[in-house]
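Below: one structure, written as structure tokens.
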Number of protein chains: 2
Amino acid sequence: AVAAPAIAQSAPEVKWRLTSSFPKSLDTIFGAAEIISKSVAEATDGKFQIQVHAAGEIVPGLQALDAVQAGTVEMAHTCSYYYVGKDPTFAFDTAVPFGLNARQQNAWWYYGGGREAMAEFFNGYNVISLPAGNTGVQMGGWFRKEIGSLADLQGVKMRIAGIAGKVMAALGAVPQQIAGGDIYPALEKGTIDAAEWVGPYDDEKLGFYKVAPFYYYPGWWEGGPQLSAYINQQKWAELPKSYQSILTTAAARANVETMAKYDSLNPKALKRIVANGTKLKPYPKEVMEAGYTAAFKLYDETAAGNAAFKKVYENWKPFREEQYLWFRVAENNFDNFVYRMSAKKS
Amino acid sequence: AVAAPAIAQSAPEVKWRLTSSFPKSLDTIFGAAEIISKSVAEATDGKFQIQVHAAGEIVPGLQALDAVQAGTVEMAHTCSYYYVGKDPTFAFDTAVPFGLNARQQNAWWYYGGGREAMAEFFNGYNVISLPAGNTGVQMGGWFRKEIGSLADLQGVKMRIAGIAGKVMAALGAVPQQIAGGDIYPALEKGTIDAAEWVGPYDDEKLGFYKVAPFYYYPGWWEGGPQLSAYINQQKWAELPKSYQSILTTAAARANVETMAKYDSLNPKALKRIVANGTKLKPYPKEVMEAGYTAAFKLYDETAAGNAAFKKVYENWKPFREEQYLWFRVAENNFDNFVYRMSAKKS
């Protein structure tokens, strides 16, 4: 017998749909899915096509997980912490308050046990999740009034979701769940007092600087929020090994390039925002310290009642401590020195 | 006429050799080339093979550029700043003292004009260069005696190369060029007084902690040293477009994963080194400040006499200033806060 050529089998035509949790207007975060799609198409001479759909075209942005789980679409580009209502364990795949920065998140996921811990968790949702972008430390949000102390935060209605919203509530603020497009009018009318979104480049597009004069930093609930590519497990299993590898490598490319794109665009946007009269303010120390205490209390309580959360947390927490120990030495000293020298001059 | 199937042409068998500038024993840095090789092979069902050779197997580590330029090998994995003897402009493709950290280096290369600036420069060497790994801020080296001031640095014979060596010379130290394998005996015998290598994980392997009790930080001459994949331009042009894309994406994967691997391994190595009795010390402020001044004086002088260097420098310098401005806001405040809180506890 003569073996038939394996070419047709090893390079089949595959057409997938990807639902993004983001609108096309956010070209950085939406663009991460486009990097994946383009890399995959180029690598396969167009045989493996992933059509990228903006939030709302197939399903609403926050239903990306359900759509992949059910097989409505083969894959999604999203943030895992959108799904903390189903299980707070999702948050570790994106960010939790006072957690890992972008590099530490990658270290955890690729080599620190994060990949394995999260894969086990995602099995329950019929999903494979791959890191596919990061925003870096986000900004701490727009406020109509100055926050000079913890007392000033009492009763402040702030658009902030998930675990970060719970921590804010523990500090006395009143978290609100509002979709991206509805934030501006709510902030303008005073229906809410504050809102957090992403960072300078994305926030500028939504025009918040026109209706809220104070822009706080840092976004202590998002030190290195990871964007994730979700893939339906049956659809993944149907792919040839070569396409699985191509898709995995493309997600890694989207991961590093999206972070680089944010870093390249944020500085100029921040300059423009400040030129428009926005007042940049650091969060008061007592707010951040109270937030830190509240956050770890919440993690401990959640771990006590949720075995999946506990399992990931017990891997994540000592890894974080070790990362901090090392980053405090070379990395942080280098950064602090060069920033100080550079600030002196300007 | 009927078009012939394009399959044979679009997926040809290609066998390349890659010469690494590193030994196999440095599994992090050497491993970056293996990530590329594995990703490319998987993506092409083994049709595009890149055989990874350790330094010395085909050519010595520091001749990787020449080997690619001449077409002796199709590609290399190396550090561009090894070639500053040919032209100091190479350094921007890796790191210069008080330059960019790993994320900023990526921002510059992928979206800040670095890719274009360096591509033009590398054209003169018949090479395409892609980012393919990073070590993060390195350590500042091992010293037999404590360095408490700039005065203590006078006449100190230190193994340190390239532009960093020139800056050290400006501070009164005596830079020495010594290959990796010869550092330990030189440091043991006192032929040299100090040596810099990489960071805890790599340094531990070479055993420096046994012969030099002081370990300084940060490595201010290497804030985010990029590892580079070099490809011969004719060999690149002969690849099908799909293979070019696969190789580019594989290099991006090696870039992000190698940084993550270093970050995951360095903390434990640092703990072991300190447990062995090594004294961790920050560089005195006056040493770093004098280094900063000397470094930018050197860049300005070099730019005045080297048009290629000047062109890249004039893109790089304002980009660096903008990056610092933004990183000082959200990123650095987040890092400083969480490191301080974490240190309090321990």
Side-chain angles (χ1 to χ4, degrees), chain A residues 7 10 39 42-45 98 101-104 106-107 110-112 136-139 199 217-220 223 242 245-246 249-250 252-253 255-257 259-261 263-264 266-267 270 280 282 288 292 321-335 337-339 341-343, chain B residues 7 10 39 42-45 98 101-104 106-107 110-112 136-139 199 217-220 223 242 245-246 249-250 252-253 255-257 259-261 263-264 266-267 270 280 282 288 292 321-335 337-339 341-343:
Chain A
I7 291 167
S10 67
S39 299
E42 285 178 359
T44 60
D45 280 320
F98 306 103
N101 69 19
R103 257 177 60 185
Q104 293 158 358
N106 284 336
Y110 290 112
Y111 290 99
V137 177
Q138 296 196 356
M139 288 293 285
Y217 63 86
W220 38 263
S242 58
S245 175
I246 286 167
T249 309
R253 179 176 182 172
N255 194 13
V256 64
E257 290 192 3
M259 182 73 268
K261 190 171 178 185
D263 283 337
S264 74
N266 274 325
L270 185 68
L280 266 190
M288 288 183 64
Y292 194 92
E321 286 298 328
E322 265 192 4
Q323 287 291 299
Y324 284 9
L325 201 74
W326 160 233
F327 271 74
R328 284 210 316 263
V329 178
E331 202 75 30
N332 192 237
N333 269 275
F334 178 86
D335 284 350
F337 178 79
V338 293
Y339 298 159
M341 292 300 281
S342 168
Chain B
I7 291 166
S10 68
S39 299
E42 285 179 358
T44 60
D45 280 319
F98 305 104
N101 69 20
R103 257 177 59 185
Q104 294 158 359
N106 283 335
Y110 289 113
Y111 289 100
V137 176
Q138 297 195 357
M139 288 294 285
Y217 63 87
W220 39 264
S242 58
S245 176
I246 285 167
T249 308
R253 179 177 183 171
N255 193 13
V256 65
E257 290 191 4
M259 182 72 268
K261 191 171 178 185
D263 283 337
S264 75
N266 274 324
L270 184 67
L280 265 190
M288 288 184 65
Y292 193 92
E321 286 297 330
E322 266 192 5
Q323 288 292 298
Y324 284 9
L325 200 73
W326 160 234
F327 270 75
R328 286 210 315 263
V329 177
E331 203 73 32
N332 193 237
N333 269 275
F334 178 87
D335 284 350
F337 178 79
V338 293
Y339 299 159
M341 293 300 281
S342 168

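In this text, all values refer to a predicted model and were calculated from it rather than measured experimentally. Side chains are part of it too, since the values below use all heavy atoms of this structure and drop only hydrogens, waters and symmetry mates.
Taking the six-membered ring for Trp and thresholds of 30 and 60 degrees, A/Phe327 and B/Tyr339 have ring planes inclined between 30 and 60 degrees apart.
A/Leu325 places none of its side-chain heavy atoms less than 4.5 Å from the side chain of B/Leu270. Residues B/Asp263 and A/Asn106 have side chains not in contact (no heavy-atom distance under 4.5 Å, counting atoms from C-beta outward). Side chains of B/Glu322 and A/Ser264 form no contact here, defined as non-hydrogen atoms less than 4.5 Å apart. B/Val329 has its side chain within reach of A/Met139: a pair of non-hydrogen atoms, C-beta onward, lies under 4.5 Å apart.
Across every non-hydrogen atom of A/Arg103 and B/Ala102, the tightest pair is NH1-CB, 3.7 Å. Considering all non-hydrogen atoms of both residues, B/Tyr324 and A/Ser342 come closest at CD2-CB, 3.5 Å. When all heavy atoms of A/Ala330 and B/Pro218 are compared, the closest pair comes out as O-CB, 3.4 Å. Smallest separation of non-hydrogen atoms from A/Ser39 and B/Ser245: O-OG, 4.1 Å.
At distances below 3.5 Å, at least one donor-acceptor pair connects side-chain atoms of A/Glu331 with backbone N or O atoms of B/Val137.
Chain A forms the most heavy-atom pairs under 4.5 Å with one residue out of B/Gly112, B/Gly219, B/Pro282, B/Ala43, and that residue is B/Ala43. Interface check for chain B: of the options A/Trp220, A/Tyr111, A/Tyr217, the most heavy-atom pairs under 4.5 Å are formed by A/Tyr111. For the options A/Val256, A/Ile246, A/Thr249, heavy-atom pairs under 4.5 Å to chain B are most numerous at A/Thr249. Ranked by non-hydrogen atom pairs under 4.5 Å with chain B, the options A/Leu280, A/Asn255, A/Asn101 are led by A/Asn101.
Side chains of A/Glu42 and B/Ser242: no donor on one and acceptor on the other come within 3.5 Å.
Looking at A/Phe337, only its side chain comes within 4.5 Å of chain B, counting heavy atoms on both sides. Only the side chain of A/Tyr110 comes within contact range of chain B, judged by heavy atoms closer than 4.5 Å. The parts of B/Met288 that come within reach of chain A are both its backbone and its side chain, each placing non-hydrogen atoms under 4.5 angstrom from that chain.
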